[in-house]
Amino acid sequence: MKIHEYQSKELLKLFGIPTPESIVTENKISLLNAFKEFGSRAVLKVQVHAGGRGKSGGVKLVENSKDVNDFADKFFGKYFKTIQTGNDSVLINKILVEEVSNILSEMYLALLVDGSHQSINIIVSPEGGTDIEEVASKNPEKILNFPVNTILGPTDFQIREILDFLSLDIKSFSKLKNIIQGLYKLYLEKDCSLIEINPLIVDNRHELIALDAKISFDEDALYKHEDILDLRDINQENEIEIQTAELGIKYVQLKGSVGCIVNGAGLAMATMDVIQSSGLKPANFLDIGGGADEEKISKAMSAVLSDVNVKIVLVNLFGGILRCDVASRGFIMALDKYQSSAPKLIIRMQGTNSEEGKDILNATNYNISFAENLDQISKILMDKE
Amino acid sequence: MKIHEYQSKELLKLFGIPTPESIVTENKISLLNAFKEFGSRAVLKVQVHAGGRGKSGGVKLVENSKDVNDFADKFFGKYFKTIQTGNDSVLINKILVEEVSNILSEMYLALLVDGSHQSINIIVSPEGGTDIEEVASKNPEKILNFPVNTILGPTDFQIREILDFLSLDIKSFSKLKNIIQGLYKLYLEKDCSLIEINPLIVDNRHELIALDAKISFDEDALYKHEDILDLRDINQENEIEIQTAELGIKYVQLKGSVGCIVNGAGLAMATMDVIQSSGLKPANFLDIGGGADEEKISKAMSAVLSDVNVKIVLVNLFGGILRCDVASRGFIMALDKYQSSAPKLIIRMQGTNSEEGKDILNATNYNISFAENLDQISKILMDKE
Amino acid sequence: MSLRIDENTKVIVQGITGKEGGFHALRCIEYGTNIVAGVTPGKGGQLFNDSINVYDSMKSAKLETDANTSLIFVPSPFAPDAILESIYSGIKTVICITEGIPVNEMIKIYKIANDNKVTLIGPNCPGLINPSANCKIGIMPGDIFTPGRIGVVSRSGTLTYEAVDQLTKNGIGQSLCVGIGGDPIIGTTFIDVLDYFINDTDTDGIVFIGEIGGTKEQEAAEFLKSVNNSKPIAALIVGASAPEGKRMGHAGAVISGDSGKAESKMNALRDAGCEIIVHPGKIADTLKKII
Amino acid sequence: MSLRIDENTKVIVQGITGKEGGFHALRCIEYGTNIVAGVTPGKGGQLFNDSINVYDSMKSAKLETDANTSLIFVPSPFAPDAILESIYSGIKTVICITEGIPVNEMIKIYKIANDNKVTLIGPNCPGLINPSANCKIGIMPGDIFTPGRIGVVSRSGTLTYEAVDQLTKNGIGQSLCVGIGGDPIIGTTFIDVLDYFINDTDTDGIVFIGEIGGTKEQEAAEFLKSVNNSKPIAALIVGASAPEGKRMGHAGAVISGDSGKAESKMNALRDAGCEIIVHPGKIADTLKKII
């Protein structure tokens, strides 16, 4: 689960990590008032979950009320697209007003889980404020990435090593230690899945400050953290994805024309690959997850059908537990609602009562092709277009 | 470092562990007032660091103001001896007034470091309220003692095992978990060296309550914990021990007639054993520690001389670093102050400038016998008496 | 670490009184697995399926049955403790089916399993199955498997079934199939299973099924390069069609830099001598070409 | 775990620029020890004794010198980190002289040293010395030692010197003397050192010096019973005269139940075949009787 920058910074403060002075605003009047508190200069930042905000004009240094006014008119209540949101756009409800920092240098600092080392890793780079993946591919020597020992947490000698790698003065040791140990504590206590400070700056008073912050959380651990759940902004999320998630369906909307309904994430990706290798594009990822009853199956089908780009729906169910007759009834429940615009269906069902399931579907008037395996799915897809 | 029961209970509360309602008082008036707050019954407990308080009359169930008055008169400002203090007595400045608990059962629960397992261990027994060492020797099967994994802390399955061992109902699981995890957190966060809850009771509302609590702290870690240092009550400690500790001298007053001054704890114990095997008793343990200058040596000698029971002072210094001439001057500094009552001296010095050291001492009028080794010390000691 | 499961494998099911645990315990028994006990704290003394003793703790279940393996269906908030209880009871192989265990908890559990030399499979995995010994410890539909000499290892559940289904329908039986699970931190990795297959005299060839995200496939490739392996391996990587930056269900399927991409993984495995399966429908076909 | 120290032992002194570190580094050099570098964070680039490079980190010192051993004099608040830095640098033997390290920190450090298969000696110990190889890594007064074939192991510093002094004055030389330290949690225990001595072809007999408190001597006795040891061992336990419940300086010397008592320890060691030294002045005399 992602949260906004202003929320991330509030968490950082709670864990003793310095951030710039800032005020979060929800309308033009409060934005203008907040600007006045910073005197004649401030940085305005739209609050959206998507990355690439700066390059898309969502961050601006303003030096008079007119600029503030224009920024408010341009963004408040408007939908915003960034390089990373693609065609999607997200609503802007909040704008952060922040003091202008005097930056001597910009660095990168992140914490995330490293499955290979079974650890939380710290990643730092002296090349902050830029796309870290670019640094990683072009100048890998400018990235220090090491696992934190589970028993010890970040140790003093490691913090000295980071200090050295970032060419910071030894006088900054306790400041850097405070930040790194604070972030590590935050990561563990709140079950984060990513904390990214980009940039971490040295300002002209030689303070280390988190100028931007991105935090996301392990969704499997949210049940322990009501305070974090309260930070969720569903306006930033895809509506269908939210609805399906409530039923335990993992749905991710994409851009293609072939909707798909699959049980299991791996098989879902394999099915998407089959679609792509047939010269088409998947309209979504969908894993119905375990324990699928009629309602859940129906909801999954409805989600796919509600995507106007979907021309074909591909069902690929495989397993010993799933009852295919139940699945078929669920599909029909949803299809009946969308009767007028029901797309072509390709159905592969293998599991308990698969024959009954097919009979139920065959008894309808929907345009259905049955496939026995992935190869046949490919062939039907290629025939279809 | 030890603290009082009332302080231990305040720490327990801070970590979410239930304790009886109580009020700590420093004089008779506040004691009487506190008693009124509990209605017609309360338990009064003198606050001393020594164990064995109950058997020595320091804990009393009172049911009227006269009893309270008598208790106050008997103990406030008085010196108190228990089985464990031996001949020493400690001043009573505080009396704790506590609600009367309705006890269904009494158990034992402790945390301490286990050097063999390199861990913190949890020790529990259904036989609470008694001397646990007696239980350990007579009914070892009534003690459960297991190491806590450093990465995990106490786990749920271990807490269920404890629950089972204590014959507690599964409904008490979360209460016991709260107590054990709270104690473990307290142990780590405050660098305890012992937490002992004896008894931990089940009361008639089926609550688990720490009825008594003894906490001591790792002195090597006190530099991290100003809040704990503030809890120190030097009235409960031996004055000479406090003074010597300030100079890094480890001194423990005992009951014998042969004072000793040694460098190194192991050699100090060996020296005490030599004294004992000669038919005498050591008056103290004293390890002067590293970096001994004239002042420190003088202080060590003064400490030993200030013990009126000391008839002989045995010096046993062995090492490459210690300069014996410096040591000798230090001894003389102290001896000169106690000139009139200076006891007999047995001196064994081996190390840098040992001949000069002996010459300096020989030039005085003190009654000194020199020994070359432990055997000679033994012989001189046996001659002396 | 041994992955051998057979008639000597004595299994305790943790969470046997739950809906899912009970269902799959029965399926395992039907398949032939020697389920010797169940554990559910607070339900000790019950009988499962009129025949299997339920205990309050792993300690007592292990003591009574001398089991060597446990299979976990406990809900995610309690699953970490169930794994630990299993490890501390002396069980040497733990299969955790439960999904949704927080990653930070798995960091600790991995370390404890490793410190205690316990083979942990999963979490969030379908388990493992040896069709020759009629031993299934997991949730796979037993009917699609058939005895044979091909080892299958996969991060995914249903995709494993797909692979096995293709194999069985093409007359290719399996020696052992292991679903290692899709979480970022898992007990048994591709490397462990490949190592087992390479040294297993019952296995002649291997089907390897990976996914986008993480670097576990590259690590497997590095391992293959470092050992003397003469057994043919057909490898499938799914997720080439998944767009960057989107989370595709499996936590492991978050594309993280170039190394997380399907192409990078295929290249690494090809370099390590694997035959790359170019279409998910061609798993058996590809394997047939190389065995 | 190997305790061999000789001319191949290349030592980095951590805290060499401090008063104590500098003093003892010089004494070690005088004795013949190959001190190859010093480390003090923030003082990298300095020269110690006009000859030894000081580095900012163990990583760089180890890289430049290929040292295999470190000797730590860093003050107690910083000593745990110094030990860890040493372990992470790839050093395989760490001797920590520093006293006063909090016990809770040592719990973690013990685990890390163990996980990384590092021989940690101490903390709060005098170090170790091999008189035949003129190699001393610690704070012992070198002049009392003489080459020979007796191994000495002790929890205490000055008591070790007392023992060695008696041996040397009786013409009995030492193969290796190890002070394991008096703290409750130490890296190398009696068992490790006894195991080394028993298998060491340069050692013919052993002097064992224990204390009241804890159970480390009993564990050593259990170990001795479990191995096939034919080398004579003279064992001294000090502290019989210390009263119960009093803390005698060493944290380990808190009497904890019967097992912490001197008598219990003597009985255990006697049962394990050791000759008990009945008076601290008779260490050499007792050994002479049995070798």
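Chain A is the first sequence line, chain B the second, and so forth, proteins listed ahead of strands; every chain is numbered from 1. If you're wondering where the values come from, they're calculated on a predicted model, not measured in any experiment.
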For this session: Apply the test side chain to side chain contact (heavy atoms under 4.5 Å, CB included) to residues C/I101 and A/D220: give CA-CA distance (whole Å), side-chain angles for both, the deciding distance (0.1 Å), then the verdict.
Result: CA-CA 6 Å; C/I101 296 181; A/D220 291 333; over 6 Å; no
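- Considering only heavy atoms from C-beta on, A/L374 stays 4.5 Å or farther from C/K282 through its side chain.
- Heavy atoms from other residues, nucleotides or ligands lying under 6.0 Å from CZ of C/F223 number more than 12.
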Problem set entry | C/M106 and A/V113: CA distance, side-chain angles, deciding distance, side chain to side chain contact (heavy atoms under 4.5 Å, CB included) verdict | CA-CA 11 Å; C/M106 275 310 299; A/V113 160; over 6 Å; no
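- Pairing each heavy atom of A/M272 with each of C/A242, the nearest pair is CE-CA, 4.2 Å.
- Of the two parts of C/L236, neither the backbone nor the side chain holds a non-hydrogen atom closer than 4.5 Å to a non-hydrogen atom of chain A.
- Contacts of A/N373 with chain C are absent, with no heavy-atom separation under 4.5 Å from either backbone or side chain.
- A side chain to side chain contact (heavy atoms under 4.5 Å, CB included) with A/F318 is found for one member of C/D165, C/L159, C/T160 and no other, namely C/D165.
- In this structure, A/D287 CG and C/S156 OG are separated by 9.0 Å, a value rounded to the nearest 0.5 Å.
- Around atom CD of C/E30, more than 12 heavy atoms belonging to other residues, nucleotides or ligands sit under 6.0 Å away.
- Around the CD atom of A/E141, the shell of radius 6.0 Å holds more than 12 heavy atoms that belong to other residues, nucleotides or ligands.
- A/I120 touches chain C through backbone and side chain together, each having a heavy atom under 4.5 Å away.
- Put simply, CD1 on C/I107 and NE2 on A/H117 are 12.5 Å apart, with the number rounded to the nearest 0.5 Å.
- Looking only at distances, no side-chain donor or acceptor of A/D218 sits under 3.5 Å from a matching main-chain atom of C/P102.
- Residue contact with chain A, scored on non-hydrogen atoms closer than 4.5 Å, is absent for C/E20.
- For the residue pair A/N263/C/T158, the side-chain donor-acceptor check at 3.5 Å is not satisfied.
- With a 4.5 Å cut-off on non-hydrogen atoms, A/Y251 does not touch chain C at all.
- Chosen from A/S277, A/G289, A/A270, A/A221, the residue pairing most often with chain C at heavy-atom distances under 4.5 Å is A/A270.
- Taking OG1 of A/T271 as the start and CD of C/E162 as the end, the distance is 8.0 Å to the nearest 0.5 Å.
- In this structure, the separation between CG on C/N104 and CD on A/E189 is 11.0 Å, given to the nearest 0.5 Å.
- Residues A/D375 and C/H279 have side chains in contact (heavy-atom distance under 4.5 Å, counting atoms from C-beta outward).
- Proximity to chain A is limited to the side chain of C/K169, based on heavy atoms less than 4.5 angstrom apart.
- Here the straight-line distance linking atom NZ of C/K111 with atom OG of A/S119 works out to 11.5 Å at 0.5 Å rounding.
- Note that the CE atom of A/M269 and the CD1 atom of C/I237 stand 10.0 Å from one another [nearest 0.5 Å].
- In this structure C/E105 satisfies the salt bridge (Lys or Arg N to Asp or Glu O under 4.0 Å) test together with A/K224, sequence neighbours excluded.
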